**Q** 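Dropping a structure here in structure tokens format, bear with me for questions.
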Amino acid sequence: MQIKGEFGRCWHPFRVRIEAVRIPGVSASLRPPANGCDPSGVGGARCRAEQPGGLAAISRGLSGSDTPGRASLKPPAPRRGGRRRGLSSALLASFALLAASVVSVQADLHVSPSGDDTNPGTAERPFATLEAARDAVRHLKSQGDLPADGLTVWLHEGVYFRDRALGVTGADSGTSDAPIVWRAMPGETVRLTGGRTLTGFEKVSDVDLLGRLPEAARSHILQCNLRALGIDDFGEMKSRGFGRPTATSHCELFYQGQPMTLARWPNEGEFEKIAGIPEGAGQNDGHGRQMGDLKSGFLYEGDRPAGWRRADDIWVHGYWAWDWANSYERVASLDPANRLIRTAPPYGQYGFRPGQRFYFLNVLEELDQPGEWYLDRATGRLYFWPPAEQDPGEVRCQLSLLDQPLLNLTGVSHVTFQGLVLEATRSNAVEIRDGSGNRIAGCAIRNIGDCGVTIEGGHDHGVLGCDILDTGDGGVSLQGGDRQTLEPGGHFVENCHLARQGRWSKCYVPAIHMNGVGLRASHNLIHDHPHCAILFGGNDHLIEFNEIHHIALETGDVGAIYAGRDYSMRGNRVRHNFIHHTGGVGMGSMGVYMDDCFSGTEISGNIFYQVQRAAFLGGGRDHQVVNNIFVDCNHAVEIDGRGLDKSPVWHNQSDRTLRDRLHAMPQALYRERYPAIKDLDRYYGPPDGPAITGDAFRGVPPEHNVVERNVCVGKWLNIYWNAKADLQRIDHNWTGDDPGFMGWIGEESRPADFRLEPGSPAFAVGFENLPVERMGLQADTLRAGLPSEER
């Protein structure tokens, strides 16, 4: 017999085949699918395990194989209904008779800003808060009522203001076959925000305050009384930057989804330069040059600061000694007569070098162009010049208030958050600690004070198909695996678009940071970064199929892909990436930068186009630079021998830092995994002694680097600074004017343009065409379903 319609209309105690059953007022949907399988449901993991791109496959990781598969997440059609509640005894009895015919039970929960936490969490009567849904999941688990193939919490359209993190713990875990999925309803925009919308702007009328503003700005500046809106926690500006611990950001202002600029001089994109240092403040910088000590301050040029009425909350940001080390410092004293600035502790990292770049910020008198703002913390009034002219009463801005992550996953496993907008927290957007198999999928993460997603510990967590934009620090930070055992962590970042990271901290806050063992970054698009795109440390990482451009826009001596200063960090692969149009000031930038004797990396199958120094081997050993394409680089490959330099900085690095880091690793394990490490015994001595130290230690040369089967158009090879060509293997490379590219090589060239014609002379040296179609972002359902750009 076949029964269609409402369950309650049939009470016959015999077995039936059920096509569709819904119980009025009960939040369980019973839908045994055809062939016992429902591939469209998020919970149907056992079925979907046999389908390409299924959630169960994602939960297994798909991270870091030699022939890597793409993790994907097929968004299913939404299901109506919610958790089961209060079934009558008669209904339970009837259900028991039918249970043999029901292959799987699927339960969903629903949340809406217009809902109520006293509701049962159905589509018709949703919860109002994420916490209510989380607690309902916990209750279902405690009662053993979770469906065998998982559960979805559907979030309906709207803004979910967060004044605290959503904490998800082990009590909220799913399993690899039955994941817990939190996701936006398809086609609906769900925003989890730590920011408040500001209204009530008005023209500035205070004569005294107008007198402090530039004359051209006075008619454009609007003010908003934050305390009248109930806002009195503004956060705190803190010293942050190179060598500083991550600090929760101060409040930030966003207009039409874009971060606004704190009033500064000179204006954005411009810098002043340190004019000099006070007499007697000089010190040796370690390289035989002088710079000023931090406590004595620095001198500036001109009289602009003399017009600033208050200096009690002015800050300076600068690259005080090096173009790769910045920090924000509070001004302790400003002496216009002597043009002297002294900063407050904890000071910077090195010292003040004349000619280095800096600017002032948080200065009311410098609110002089559209998009700038200033907050008077004493009065609670915010002043703003909107980018577009409009009636003050119609201006809407967002001010970040939350000082916690939006999502905090601790010790939880097999939980996915999908299709959400996460925005306007002063902290990290998402923090994941321990656990396994969690996913942040198809989300738009934007306007974040610190990092987009941080993952620490655990196994096989992934960030995939996300847009991560405008973060104060980094984009995604992965830490996992064990360097003492070389157990891989399995975390990955895949098919994500990352742009405009490092809005505040600038240096060493990459779009993707990988630290540990066995992590992966693949198919990502990364651009518009002041410093490096991908920074890694550790072993056996895979960095492949990424597109990286317009990085190092504000810094120098940096790489698009960067690692440094360790002989033991080996087994890393950088392959099939498209790196082009890199920036750099001072010492410029590199494509793949193996800095300070970093060793043993495979750099293969990449395309480098208009990169200053493409593959840079800074004193390291045992690298393989194989089957790459270099066009218009300066140079394509550079090799130096800094590990042999006798100056104290370089000699001590080789003798102490590199030696200590090498010996900190389990010697037997590392020598078995990476046999080339044994060659270092000639310079340091064997592990069981005697050690080569003192005058007997002469440094470590760069040896056994392989540079083969590459194609180069433009400057080719530079071997210098103690390095010798006869210690490398450089052979079968093609260098010339035109190897026969299939496309036009220019500003808008894509990877496919660099494929070689079948008759290219480069094939004669063994070059093999690259999988150009797989480089960069890939079209999939997650990217197609990303939340709207409307903000």
Side-chain angles (χ1 to χ4, degrees), residues 191 193-204 209 213-214 216-226 229 231 233-238 240 248-270 313-315 317 328 359-377 379-402 421 423-426 429 444-450 469-473 499-506 528 530 553-554 789-791:
R191 293 170 55 198
T193 178
R196 280 277 305 276
T197 298
L198 304 184
T199 59
F201 281 91
E202 59 186 8
K203 291 280 189 178
V204 176
L209 190 135
L213 295 171
R218 292 170 188 169
S219 63
H220 301 285
I221 306 301
L222 306 181
Q223 64 180 358
C224 179
N225 188 337
L226 298 184
L229 298 176
I231 300 172
D233 178 8
F234 310 132
E236 178 185 355
M237 287 195 69
K238 299 174 182 176
R240 59 195 293 186
T248 302
S249 177
H250 54 280
C251 64
E252 294 189 82
L253 187 70
F254 306 98
Y255 175 79
Q256 295 185 352
Q258 304 297 322
M260 297 293 99
T261 300
L262 199 56
R264 54 170 279 182
W265 179 76
N267 284 323
E268 192 163 10
E270 301 176 15
D313 198 21
I314 292 177
W315 288 69
H317 169 253
Y328 293 82
Y359 57 81
F360 297 89
L361 70 160
N362 204 42
V363 184
L364 175 63
E365 288 82 358
E366 296 302 332
L367 209 172
D368 62 352
Q369 65 175 6
E372 287 193 335
W373 67 287
Y374 173 83
L375 173 60
D376 187 327
R377 294 170 179 270
T379 65
R381 292 186 179 273
L382 184 147
Y383 301 96
F384 177 44
W385 185 342
E389 292 291 334
Q390 63 185 116
D391 184 274
E394 297 178 356
V395 172
R396 299 288 185 273
C397 297
Q398 189 178 50
L399 189 74
S400 58
L401 298 180
L402 181 64
V421 176
E423 64 184 4
T425 176
R426 301 176 191 167
I445 300 173
R446 63 198 188 200
N447 297 336
I448 304 301
D450 289 338
L469 311 173
D470 295 301
T471 61
D473 291 326
R500 300 183 297 277
Q501 274 68 58
R503 287 188 300 108
W504 285 100
S505 294
K506 305 295 184 184
D528 290 284
L553 297 182
E554 198 173 293
E789 288 296 318
E790 296 178 7
R791 304 182 182 183

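Since this is a predicted model, take the numbers as computed values, not measurements.
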**Q** Any donor-acceptor pair under 3.5 Å linking the side chain of Arg196 with the backbone of Leu229?
**A** yes
**Q** Decide, yes or no, whether a salt bridge links Arg446 with Asp470 under the criterion of side-chain N to carboxylate O below 4.0 Å.
**A** no
**Q** Where the side chain of Arg377 meets the backbone of Gly235, is there a donor-acceptor pair that is under 3.5 Å apart?
**A** yes
**Q** Is there a donor-acceptor pair under 3.5 Å between the side chain of Tyr383 and the backbone N or O of Leu367?
**A** no
**Q** Between Asp233 and Arg426, is there a side-chain N and carboxylate O pair less than 4.0 Å apart?
**A** yes
**Q** Checking Lys203 side chain against Ser219 main chain: does a donor-acceptor pair fall under 3.5 Å?
**A** yes
**Q** Taking Arg381 for its side chain and Gln223 for its backbone only, find out whether a donor-acceptor pair lies under 3.5 Å.
**A** no
**Q** Is a side-chain N or O of Thr425 found less than 3.5 angstrom from the main chain of Gly194, in a donor-acceptor match?
**A** no
**Q** Once you measure the plane-to-plane angle for Trp385 and His220, does it fall in the parallel (<30°), tilted (30-60°) or perpendicular (>60°) bin?
**A** parallel
**Q** Please report the interatomic distance NZ(Lys506) to CD(Gln501), rounded to the nearest 0.5 Å.
**A** 12.0 Å
**Q** Which heavy atom of Thr248 sits nearest to which heavy atom of Asp450, and what is that distance?
**A** CA-OD2, 3.5 Å
**Q** Could you check whether any side-chain N or O of Arg240 sits under 3.5 Å from a backbone N or O of Met237, counting only pairs where one atom can act as donor and the other as acceptor?
**A** no
**Q** Side chains of Trp373 and Glu252: do they bring a donor and an acceptor to under 3.5 Å?
**A** no
**Q** Is the side chain of Arg264 donor-acceptor paired with the backbone N or O of Glu372 at a distance under 3.5 Å, no angle test?
**A** no
**Q** Closest approach of Thr471 and Asp473, non-hydrogen atoms and distance?
**A** OG1-O, 3.1 Å
